[in-house]
Amino acid sequence: QVQVVESGGGSVQAGGSLRLTCLHSGDRYNRYAMAWFRQAPGKEREGVASISTHGGVTREAEAVKGRFTISRDNAKNTLYLQMDSLKPEDSAMYYCAATLTWDAFRWWLPDGYDYWGQGTQVTVSS
């Protein structure tokens with residue numbers, strides 16, 4: 001059974017940085033495309049960034065382009081999200097997700113992912 005576990009969230013002031021980490025516990029991690037989603041209170045879950053199985057293709061939401069970078073280390077079964085120049089509107093619960101059937105053109109849809117973590121909270125103060 002695949003499990004994904006996020007870590008690295010916290011509280012930071014606007015303009016600061018955080019790096020989120022997601023550890024994938026299953027076999028053959030390099031077969032899974034991965035993604036980060038976030039959900040703020042009262043809002044729908046939204047795609048933040050996604051990455052192909054070997055990291056050659058990435059996708060980012062317009063709201064985070066140029067500030068957030070998704071990456072992965074297949075030797076460590078780990079996914080990362082480097083978040084720079086954080087804004088108060090980035091505050092949310094951040095979730096890691098995995099799928100064996102990635103659609104690079106619909107990567108932002110939560111229904112496209114089969115495995116989800118419990119989330120890690122990011123709070124950005126002004």
Side-chain angles (χ1 to χ4, degrees):
Q1 180 69 20
V2 172
Q3 289 187 322
V4 291
V5 179
E6 306 94 338
S7 62
S11 296
V12 64
Q13 289 191 330
S17 298
L18 283 173
R19 187 174 83 155
L20 304 184
T21 298
C22 172
L23 181 63
H24 181 285
S25 67
D27 292 335
R28 301 183 180 180
Y29 172 61
N30 60 9
R31 294 179 60 192
Y32 292 82
M34 304 293 294
W36 290 100
F37 285 77
R38 66 186 182 187
Q39 188 167 19
K43 294 188 176 182
E44 292 186 354
R45 191 168 295 191
E46 63 174 352
V48 175
S50 190
I51 189 166
S52 60
T53 55
H54 291 278
V57 179
T58 61
R59 296 284 188 266
E60 296 86 22
E62 285 296 326
V64 306
K65 276 185 178 179
R67 299 188 299 120
F68 292 10
T69 303
I70 189 171
S71 62
R72 64 190 295 163
D73 185 339
N74 284 357
K76 296 181 178 180
N77 280 27
T78 303
L79 175 73
Y80 303 101
L81 185 68
Q82 178 66 41
M83 304 187 295
D84 298 318
S85 302
L86 282 160
K87 304 176 181 180
E89 51 263 44
D90 295 319
S91 296
M93 186 71 79
Y94 282 71
Y95 298 92
C96 173
T99 181
L100 289 170
T101 55
W102 193 50
D103 184 341
F105 298 99
R106 296 178 179 82
W107 66 270
W108 67 89
L109 296 175
D111 287 349
Y113 297 84
D114 305 303
Y115 304 98
W116 292 84
Q118 294 300 307
T120 185
Q121 179 68 39
V122 172
T123 302
V124 184
S125 59
S126 58

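- Below 30°, between 30° and 60°, or above 60°: for Tyr95 and Trp116 the angle between ring planes is above 60°, a perpendicular geometry.
- Minimum interatomic distance between Ala61 and Gly47 (heavy atoms only, all atoms of both residues): CB-O, 3.5 Å.
- Side-chain atoms of Thr78 do not come within 3.5 Å of backbone N or O of Leu23 as any donor-acceptor pair.
- Checking side-chain atoms of Ser25 against main-chain N and O of Gln3 turns up a donor-acceptor pair under 3.5 Å.
- Each salt bridge (charged side-chain N to carboxylate O under 4.0 Å, His left out) pair with one or both residues in residues 17-27, not counting sequence neighbours, would appear here, but there are none.
- Listed by first then second residue, pairs satisfying salt bridge (charged side-chain N to carboxylate O under 4.0 Å, His left out) with a partner in residues 81-97 read Arg38-Asp90, Arg67-Asp90, not counting sequence neighbours.
- For residues 46-88, the set of pairs meeting the disulfide bond (SG atoms under 2.5 Å apart) definition, not counting sequence neighbours, is empty.
- When atom types are taken as modelled, the side chain of Thr99 and the backbone of Gly112 share a donor-acceptor pair closer than 3.5 angstrom.
- Here the closest non-hydrogen pair linking Val124 and Gln13 is CG1-C, 4.0 Å.
- Classification of the His24-Tyr32 ring pair by plane angle, with boundaries at 30° and 60°, yields tilted.
- Sequence neighbours left out, the pairs with a member in residues 43-126 that pass disulfide bond (SG atoms under 2.5 Å apart) are Cys22-Cys96.
- Within 6.0 Å of atom CD in Gln118, 12 or fewer heavy atoms from other residues, nucleotides or ligands are found, so the atom counts as exposed in its surroundings.
- Taking CG of Leu18 as the reference point, atom OG1 of Thr120 lies at 8.5 Å (rounded to 0.5 Å).
- A heavy-atom distance below 4.5 Å is not found between the side chains of Arg59 and Trp108.
- Under the ring-ring contact (aromatic ring centres under 6.0 Å, His included) criterion, Tyr94 pairs with no residue, sequence neighbours left out.
- Tyr115 places a side-chain heavy atom less than 4.5 Å from the side chain of Gln1.
- Every salt bridge (charged side-chain N to carboxylate O under 4.0 Å, His left out) that Asp103 has, sequence neighbours left out, goes to Arg106.
- If you take CG on Leu86 and CZ on Phe68, they are separated by 5.0 Å, rounding to the nearest 0.5 Å.
- Between Trp102 and Thr53, the closest side-chain pair of non-hydrogen atoms is not below 4.5 Å.
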